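In this text the structure is predicted, and so the values were computed from the model without any measurement. Along the sequence shown, residues are numbered consecutively beginning with 1. Each ligand, and each atom within it, is numbered from 1 in the order the structure gives.
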Amino acid sequence: MLAEPEIVPPHEAPLTEAEMRAAVAARDAGFDGCFVYAVRSTGVYCRPGCPSRAARPENLSFHAGPAEAEAAGFRPCRRCRPDAPALSERQAQTITRACRLIEAAETPPSLDALARASGLSPFHFHRIFKAVTGVTPAAYAQAHRAARAADSLAEGKSVTESIYAAGYGAPSRFYADGAERLGMSPSAYRKGGAGERIAFATGPCALGLVLVAATERGICAILLGDDADALRSDLAARFPKADLTEGDADFAATVADVVRLVAAPGGAFELPLDIGGTAFQQRVWQALRRIPAGTTATYAEIARAIGEPAAVRAVAMACGANALAVAIPCHRVVRSDGALSGYRWGTARKTALLAREGVKR
Ligand SMILES: [Zn+2]
């Protein structure tokens with residue numbers, strides 16, 4: 001197990017007025033999206049990080065978001081635009097589009113081409129890309145090629161074949177940057193669960209069907225869906241080399257525990273988990289397990305919690321790769337504006353899980 005940085009559980013409790021006053025006094029943009037404040041004397045409301053002149057403390061009031069501030073009769077500040085998506089949100093959208101371009105291209109697009117497509121200067125684009133993803137565009141393209149190689153390895157192609165298929169010129173390049181990003185050596189990944197016996201069973205749960213799978217070490221997959229065959233295919237794709245066998249009568253008790261967890265996602269769950277994934281994914285998933293039930297955290301907060309504040313997009317991808325629904329509560333991660341964002345098993349299930357934990361939306 002890796003040494004982990006100290007993790008501060010995000011959103012442990014709602015902010016107190018004193019904390020909000022301190023954030024406004026410090027113009028702390030880190031609180032943008034958490035609340036807005038309004039100034040009685042001007043009738044305007046602002047983000048916590050607004051650079052405007054400080055208002056007198058006795059004129060301030062605090063509101064959960066733009067809708068509440070406007071319902072109380074305030075209008076948005078023209079300077080910090082608290083009613084518009086945060087700058088970070090807009091930049092994340094721009095960079096997400098650039099990531100899609102990189103992923104779709106056979107050969108990595110040039111920095112100039114990416115910047116042009118994003119409507120930014122190459123210098124500005126490079127800087128924002130790094131801030132959002134934690135890596136440079138070139139490193140992202142390399143990581144994507146590594147991921148493509150991993151996909152074809154999982155499909156059973158030879159290591160060398162996969163390396164060339166992913167666009168690497170020579171195997172040495174792959175080992176130089178691919179293995180590190182995979183978090184394991186290609187030959188280990190190639191096993192895809194080889195030699196592993198995985199028991200699984202599917203049953204009805206509060207959110208449709210649930211497939212539960214376990215190795216000898218613990219539960220390795222909890223997958224939600226509506227179709228038993230599709231769930232089984234998903235399991236087989238995740239562990240292509242494993243020996244998948246239907247769980248026996250004893251395994252029914254494990255499934256029953258998971259069904260209970262799905263019905264009451266805030267409850268205790270004591271069964272051991274067998275968590276795969278890369279070193280980075282494991283850090284993200286451990287941080288997710290520290291989000292208290294009944295609360296939510298943003299991707300940015302998780303990134304900060306694992307000591308990688310710039311790796312917001314990589315955190316979002318690790319959340320999407322989670323194979324242990326509910327037990328690793330990726331459903332507690334929301335966008336910084338409080339919107340739900342996607343969920344591997346459907347936004348309706350995410351909403352239902354949060355509602356069962358008592359999160360009001
Ligand atoms: Zn303002």
Which pairs would a plain distance check flag for residues 109-122, meaning a side-chain donor or acceptor within less than 3.5 Å of a matching protein atom at least two apart in sequence or in another chain?
| from | atom 1 | to | atom 2 | distance (Å) |
| --- | --- | --- | --- | --- |
| S110 | OG | A113 | N | 3.1 |
| S118 | OG | L114 | O | 2.9 |
| S121 | OG | H124 | N | 3.1 |

Can you tell me which residue among C77, P66, C80 is in a side-chain contact (heavy atoms from CB on, under 4.5 Å) with Y45? P66
Which residues pass the side chain to side chain donor-acceptor pair (under 3.5 Å) test with R100, not counting sequence neighbours? E103
Just wondering, do C99 and F129 contact through their side chains at under 4.5 Å, heavy atoms? yes
If you look at every heavy atom in N322 and L324, which pair is closest and at what distance? OD1-N, 2.8 Å
Sub-2.8 Å protein N, O or S atoms surrounding the Zn ion (ligand 1): C46 SG, C50 SG, C77 SG, C80 SG
For residues 204-213, dump all side-chain donor-acceptor pairs below 3.5 Å to protein atoms at least two apart in sequence or in another chain.
none

